[in-house]
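Only one structure is covered here, and it is reproduced in the block below.
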Protein chains: 4
Amino acid sequence: MKENFSTRDRIINAAIEVFFENGFSDTTVDDITNYAGVSHGTFYIYFKNKKDALRELLKETFDLLYDATEAPWKREHSYESLRESIYGFFKIYQSHWKVIRTWKEAAMLDAEFMQLWHNLVDQITCRIKQNIEYSIRKGLCQPIDSAVASQALSGMIEHYANNYLMKGETVDLNIISKTLAHIWYYGIYGS
Amino acid sequence: MKENFSTRDRIINAAIEVFFENGFSDTTVDDITNYAGVSHGTFYIYFKNKKDALRELLKETFDLLYDATEAPWKREHSYESLRESIYGFFKIYQSHWKVIRTWKEAAMLDAEFMQLWHNLVDQITCRIKQNIEYSIRKGLCQPIDSAVASQALSGMIEHYANNYLMKGETVDLNIISKTLAHIWYYGIYGS
Amino acid sequence: MKENFSTRDRIINAAIEVFFENGFSDTTVDDITNYAGVSHGTFYIYFKNKKDALRELLKETFDLLYDATEAPWKREHSYESLRESIYGFFKIYQSHWKVIRTWKEAAMLDAEFMQLWHNLVDQITCRIKQNIEYSIRKGLCQPIDSAVASQALSGMIEHYANNYLMKGETVDLNIISKTLAHIWYYGIYGS
Amino acid sequence: MKENFSTRDRIINAAIEVFFENGFSDTTVDDITNYAGVSHGTFYIYFKNKKDALRELLKETFDLLYDATEAPWKREHSYESLRESIYGFFKIYQSHWKVIRTWKEAAMLDAEFMQLWHNLVDQITCRIKQNIEYSIRKGLCQPIDSAVASQALSGMIEHYANNYLMKGETVDLNIISKTLAHIWYYGIYGS
DNA sequence: CATGAATGAGCTTTCATTCAT
DNA sequence: AATGAATGAAAGCTCATTCAT
């Protein structure tokens, strides 16, 4: 009755589920293999250990997110484009939440996964920084510190997304994206 | 050569150090007692287990932070008062960083500590929310969603503070507080 | 690019190499099949397990050594014939060293391989014993215990050969064979 | 009903027994702790692992044997003194046989234990070599290669002792020591 | 109170062996 | 014959917790 997935995929998918369910730390290799319906030893055919399995599954998510988050923050920052970018970001964050939740837990425990997360965040932050610097050069906003501001704004979005998904999404995503876009837009361009 | 602290205090202080040094997960009871210079068994006289020790040490920090963070966010939100509040917040966050770092790791692993952190954050967020609602009522700012906005702003500050301390504080705190106050102030009150 | 050997031979030859390289204990079936360039499962077509493979490969070496060591120790024991026999023994020991090294390791772990080695040694020792007994009967040497003496002398040669090959052969084989023949010859025939 | 031994001693003694009984390779930590009547975890309080336990128990035997074997081979080599030395050597070899048997197995598997054994053998061999060189200088024997001869003779004794104990000691020790002393004495001094 | 030896449950990892293709 | 994925038994090691002193 096995699904049409490779054993490796079934383990990866099982890992995503049980990491999310029990947390990365509290998950044992047995939890994963039981969920995947394979024997204990099979895990070690495909992965060196639990950390290695996480590394592998994050690789895929990293690439997806890296590509998906590149474009939006590159565009010029009108209120409307910001609102759209934020809305889109929440959607994609939401669709990868199980993995992201695990990723962020692992990042608290292991510098490697922290670094990987920063690689992703830094890309976004960098785009925002470039936008702010451009706006400053054009005289569209006051000469604030672009490094601090870009980190603050990307952090605001990320933090809100985490809280939003951690708690269970009761607020309307339209209101969220409008409100965050408002703060962002006027926070930079208001004066 | 023992300090003039109670055994319990010495264990608590040792725990703070080794939790910060090795991480909460990777710390063993032995690590704590070795650092404290007491025997292994002594730990269990004062604490049920590692988690219990963390609970106890967070209690103290919680009360301190709860009191210290209440006042600032209550005041009216001029740019200058915001800048001062943010500056003060960073200072206190910094002085409790070892504990906060551990707290946030534990929060990723255990709902109890997550809840405790939220209790603290909620107080701050609540004050901010009241300020925004007051400003909306007075027509000082546009009618944005105060719940979302307050979470976003407190989240922005918290997130920046974490990154700032996680990485090792190379940016001038004055620039940080000015920049964050700018975004906040204009983000809410900018036209 | 496969050699013109049967699969079984390739596994046997691979086993000889990796047993010598890693030791019998530390060698896994995977090590052997990887070296042989065949799949894991193929091993079990030809052999029941690692021990079985060793048994098979020792059989061949046993027969070779059994035949090769029979003749020399049969001859009359003049100093010169002893020197030649010892020299020849070292040469043949050397040429089968990889297998012998493994054999002796296995003999320490398993009575079966110990017994097999003794079968070989006993043949040699028996010839030596017969020689000594002949010499005693003829009054060519003192009436020593032929069983003890023959074991001691074959043991001396074997032991020296092991040490010699274990360490890496820096001494001239001519000096070795002369010296050992001297001890042997005078040890038995010296007044 | 525990003996008046420290836990560490009881584990060491248990290790000696089960290493001898099952072989070092085939012994598990559980075998040792079961025999010692302590729990599994207790083993790891005193030793890093099985190899570490062996290292520790060999240390003691090494020191004993090193001291006990120094003196005899130093004396001048008359037939009678040789016979006595050999007899004494067998006695002490016999009394430490369980450990030596394990030691020699481990030496086949691990260079560290091989080296340790050689340290012991080298001391004896060195004394024998000095005796032979002295005899050569004094013209008491022919100018044979002292390095080869000393290794051959110490090897002969060691090898015989191993075989003797491995098989189960059916030969009279007096006959053995006489015979080996005979070969040694005339092997060097006969001409 | 303080100690630290002892416990044993729990998890990790390896690898010989099987078997469907 | 040959393959190599899958299995699961067998060790290994750690560490939270207990308890007699």
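Given the structure is predicted, the values throughout are model-derived calculations rather than measurements.
- The listed nucleotides are F/dA11, F/dC13, F/dA2; the one nearest the side chain of D/N49 is F/dC13.
- Candidate nucleotides E/dT12, F/dT7, F/dT3 were compared by shortest atom distance to the side chain of A/V38, and F/dT7 ranks first.
- Take the nearest nucleotide of DNA chain E for B/F43 and for D/R8: the residue whose nucleotide is more 5' is B/F43.
- The base-pairing partner of F/dA5, taking Watson-Crick or G-U wobble contacts with both distances under 3.5 Å, is E/dT18.
- If you check E/dA5, F/dT17, E/dG8 against the side chain of D/T7, the one that comes closest is E/dA5.
- Base pairing annotation: F/dA11 forms a Watson-Crick or G-U wobble pair with E/dT12, both donor-acceptor distances under 3.5 Å.
- Each of A/D31, A/V29, A/D30 was checked for a side chain to side chain contact (heavy atoms under 4.5 Å, CB included) with A/T27, and the lone residue meeting it is A/D31.
- Looking at which nucleotide of DNA chain F each of D/T28 and C/I45 is closest to, the 5′-most match is held by C/I45.
- Straight-line distance from the CG atom of B/N34 to the P atom of E/dG4: 11 Å, rounded to whole Å.
- Toward the 5' end of DNA chain F, the nearer of the two residues B/D26 and C/S39, judged by each one's closest nucleotide, is C/S39.
- B/W103 pairs with exactly one of B/Y93, B/F24, B/W117 by the ring pair (Phe, Tyr, Trp, His ring centres under 6.0 Å) rule, that one being B/W117.
- A residue-by-residue look at A/D30 and C/G41 shows that A/D30 has its nearest nucleotide of DNA chain E further toward the 5' end.
- Distance A/D9 CG to F/dA5 P: 14 Å, rounded to the nearest Å.
- Taking atom P in both F/dT21 and E/dC1, the straight-line distance is 22 Å, to the nearest Å.
- Rounded to an integer number of Å, the gap from D/F47 CZ to F/dT14 P is 15 Å.
- Contact of the D/F19 side chain with the D/K98 side chain is not registered, since no non-hydrogen atoms from C-beta on lie closer than 4.5 Å.
- Here C/K51 lies out of heavy-atom contact (under 4.0 Å) with every strand.
- Residue C/Y46 places its side chain closer to F/dA1 than to any other of F/dT3, F/dA5, F/dA1.
- One finds no side-chain N or O of D/T42 lying less than 4.0 angstrom from the OP1 or OP2 phosphate oxygen of E/dA6.
- Annotation for A/Y35: atom OH does not count as buried by contact number, only 12 or fewer foreign heavy atoms lying within 6.0 Å.
- One can place CD1 of A/I32 at 12 Å from C1' of E/dT12, the figure rounded to the nearest angstrom.
- You'll find the side chain of D/R55 reaches within 4.5 Å of the side chain of D/D52, heavy atoms only.
- Applying the 4.0 Å criterion to OP1 and OP2 of E/dT14, one finds that A/Y44 has every side-chain N and O outside that range.
- Considering only heavy atoms from C-beta on, A/W97 comes within 4.5 Å of A/N162 through its side chain.
- The base of F/dT3 does not come close enough to the side chain of C/H40 for any donor and acceptor atom to sit less than 3.5 Å apart.
- Computed from coordinates, the D/D52 CG to F/dC13 C1' distance equals 13 Å when rounded to whole Å.
- Atom CZ of B/F24 is separated from atom C1' of F/dA16 by 12 Å (rounded to the nearest Å).
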